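All of these numbers come straight from a predicted model, not from anything done at the bench. Each residue takes its place number in the sequence, starting with 1.
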Amino acid sequence: MRLKDVHRIELPPTADMHVHLRQGEIMNLVVPYIRRGGVDTVFVMPNLQPPVTSVAAALEYKSQLQALEPEVNYLMSLYLHPSITPEVIAEAAKAGIAGVKLYPQGVTTNSESGVAGDFVETFAATFAAMEEHGLVLNLHGEVPGTVPKDNVSLEELFLPTLERLNQTYPKLRIVLEHCSTAAAIDAVRACSSTVAGTITAHHLYLTGDISEVDPHAFCKPIPKTTADRDALLRAVCSGDPKFFFGSDSAPHPLVNKQGTPVPAGVFTQPYATQLVLLALEEATENGIIDEKDVRQENIEGFLSLFGRRFYRLPEPSPTGPRIAVKRTGETIQPSIRDADGKVEVGNSRAGAEVFSVRHVSP
């Protein structure tokens, strides 16, 4: 399919399996935009201040999100911390918590309370309990520190740990989040069927040189080379169920993004589905991927079905709610802001022309 020639298609609603919805005024602003991006299900990150380290806190956070936008299915998570014991995992499973997020200490925004040292050994009992109770382990797969001189990325340094986790806990479902390198794609494929990877929209169009000069493109993990970006694009179009969408949309107040130092995070939530389709369209036109590989079933798998299956969620009915994706000349607005203009967040790729998306009922 040549997306450039597509005027209108219908897809199942997108499942975004990695979102940052923050708290307070930013949360109030961002959450109502989830469905604008064609999304009806989100896996919510727990790196708040303080981090979400109890079942009660996760459920309270969920109730706040539901009050703002009740038509979204929120999958909640806990922040891996010494307080996350096997007993907490059992309680979380009963409460419907979907996963536990592992942040290496200091690797990204609000990761100061993350894990350090040999966490595979330190949290052995917790990981075993997650295997038993069916919770997913979500990994920010980078090793904090300076990139070695041979230019191996922080993500690539983490990949042996992914393999070790998979070998040590073969029944534990693991997600390597926001894959940003060809090596990460290969590593996920080399692991068993219990390991998957999410791919963001922005890693499909950004490279490191852009991220270095545009504050709205600066994120962790940092976008890499064109070869890495192209490997991600090919994975999206492959129909491989090991890879599904997780936007890692990460809002920061515009004033902070315009300051120094620039906080890490690319905000894509209002245009989540649209930006993936735009990246695929551009990659096809530039000869990176073949239009015959951009099949509707592969797009539906990546954006909606594969993630739901991995998290053992019901799949959208072919006769149920859909999203209508239509070319209308819509362009990405520079920012979103609250009613009085006090809180503003800048959008990625402002000014780009994208499909319009709306939710439709049968």
Side-chain angles (χ1 to χ4, degrees), residues 17-18 104 107-108 138-163 174-191 195-250 262 264-268 272 275-290 293-294 298-299 301-303 306-307 348-349 352:
M17 296 309 192
H18 183 154
V107 76
T108 190
N138 303 83
L139 303 174
H140 183 116
E142 291 188 289
V143 175
T146 304
V147 177
K149 292 182 180 178
D150 56 1
N151 207 33
V152 177
S153 71
L154 302 182
E155 181 174 85
E156 290 171 275
L157 289 175
F158 186 89
L159 297 178
T161 301
L162 172 67
E163 181 182 6
I174 301 171
V175 177
L176 181 66
E177 297 189 320
H178 42 53
C179 297
S180 66
T181 59
I185 299 297
D186 291 341
V188 170
R189 284 185 168 140
C191 289
V195 176
T198 57
I199 299 175
T200 74
H202 56 272
H203 283 104
L204 299 177
Y205 56 79
L206 294 176
T207 49
D209 55 338
I210 301 172
S211 186
E212 289 176 359
V213 298
D214 179 1
H216 294 295
F218 178 66
C219 57
K220 298 289 183 71
I222 295 170
K224 307 300 191 303
T225 67
T226 54
D228 290 310
R229 178 205 61 199
D230 295 354
L232 301 178
L233 286 160
R234 288 191 291 270
V236 168
C237 294
S238 68
D240 188 340
K242 274 179 164 278
F243 300 102
F244 47 84
F245 181 53
S247 70
D248 190 21
S249 178
V262 176
V266 173
F267 182 60
T268 57
L275 283 166
V276 172
L277 296 176
L278 176 60
L280 296 180
E281 178 181 326
E282 291 175 336
T284 303
E285 296 305 303
N286 292 328
I288 298 168
I289 52 178
D290 194 302
D293 295 323
V294 186
N298 290 350
I299 293 173
F302 175 75
L303 285 174
F306 298 158
S348 178
R349 298 207 68 176

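Every salt bridge (Lys or Arg N to Asp or Glu O under 4.0 Å) that E281 has, sequence neighbours left out, goes to R327. Residues passing the side chain to side chain donor-acceptor pair (under 3.5 Å) test with D209, sequence neighbours excluded: T207. Applying the side-chain contact (heavy atoms from CB on, under 4.5 Å) criterion to E212, with sequence neighbours excluded, gives no partner residue. With sequence neighbours left out, D240 forms a side chain to side chain donor-acceptor pair (under 3.5 Å) with R189. Partners of A190 under the side-chain contact (heavy atoms from CB on, under 4.5 Å) rule, at least two apart in sequence or in another chain, do not exist in this structure. Contacts of F267 classified as side-chain contact (heavy atoms from CB on, under 4.5 Å), with partners at least two apart in sequence or in another chain: V30, S249, P251, Q269, P270, I336, V345, N347.
A heavy-atom distance below 4.5 Å is not found between the side chains of D248 and V266. Counting only heavy atoms from C-beta outward, the side chains of I199 and F245 never approach each other to under 4.5 Å. The shortest distance between side-chain heavy atoms of L278 and R349 falls below 4.5 Å. In this structure, I289 and L280 have side chains that are in contact, with non-hydrogen atoms separated by less than 4.5 Å. In this structure, H178 and H140 have side chains that are in contact, with non-hydrogen atoms separated by less than 4.5 Å. Inter-residue side-chain proximity for P223 and I210 is flagged as unmet; no heavy-atom pair is nearer than 4.5 Å. Two residues are said to be in side-chain contact when any heavy atoms from C-beta on lie closer than 4.5 Å; H202 and L275 fail this criterion.
Residues A201 and A272 approach most closely at CB-O, 4.3 Å, considering heavy atoms. The heavy-atom pair separating A279 from L204 by the smallest distance is CB-CB, 3.6 Å. Across F244 and A196, no two heavy atoms sit closer than the pair CE2-CB, 3.5 Å. Taking every heavy atom of both residues into account, K220 and A264 meet most closely at CG-CB, 3.5 Å.
Summarising the geometry, atom CD1 belonging to I222 is positioned 6.0 Å from atom OG belonging to S211; distances are rounded to the nearest 0.5 Å. Distance CZ/F302 to CZ/F243: 10.0 Å, rounded to 0.5 Å. Within the model, atoms CD1 of I174 and CG of N138 stand 10.0 Å from one another, a figure rounded to the nearest 0.5 Å. Summarising the geometry, atom CG belonging to L176 is positioned 8.5 Å from atom SG belonging to C191; distances are rounded to the nearest 0.5 Å.
For the pair S238 (side chain) and A235 (backbone), a donor-acceptor distance under 3.5 Å is present. N286 places a side-chain N or O within donor-acceptor distance of the main-chain N or O of E282, the cut-off being under 3.5 Å.
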Using atom types as modelled, flag every donor-acceptor pair under 3.5 Å from a side chain in residues 154-161 to any protein atom, sequence neighbours excluded.
from: E155; atom 1: OE1; to: S180; atom 2: N; distance (Å): 3.1
from: E155; atom 1: OE1; to: S180; atom 2: OG; distance (Å): 3.2
from: E155; atom 1: OE1; to: T181; atom 2: N; distance (Å): 2.9
from: E155; atom 1: OE1; to: T181; atom 2: OG1; distance (Å): 2.6
from: E155; atom 1: OE2; to: S180; atom 2: N; distance (Å): 3.1
from: E155; atom 1: OE2; to: S180; atom 2: OG; distance (Å): 3.2
from: E156; atom 1: OE1; to: S153; atom 2: N; distance (Å): 3.1
from: E156; atom 1: OE1; to: S153; atom 2: OG; distance (Å): 3.0

Atom pairs and distances, donor-acceptor, side-chain atoms in residues 227-234, under 3.5 Å, two or more places apart:
from: D228; atom 1: OD1; to: A182; atom 2: N; distance (Å): 2.8
from: D228; atom 1: OD2; to: T225; atom 2: N; distance (Å): 3.4
from: D228; atom 1: OD2; to: T225; atom 2: OG1; distance (Å): 2.9

Notebook entry, point to check: Step by step, would you call T226 with I288 a side chain to side chain contact (heavy atoms under 4.5 Å, CB included)?
Noted result: CA-CA 10 Å; T226 54; I288 298 168; over 6 Å; no

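Counting only residues at least two apart or in different chains, salt bridge (charged side-chain N to carboxylate O under 4.0 Å, His left out) contacts with residues 197-206 are absent. Applying the ring-ring contact (aromatic ring centres under 6.0 Å, His included) definition to pairs two or more places apart or across chains, none involves residues 203-222.
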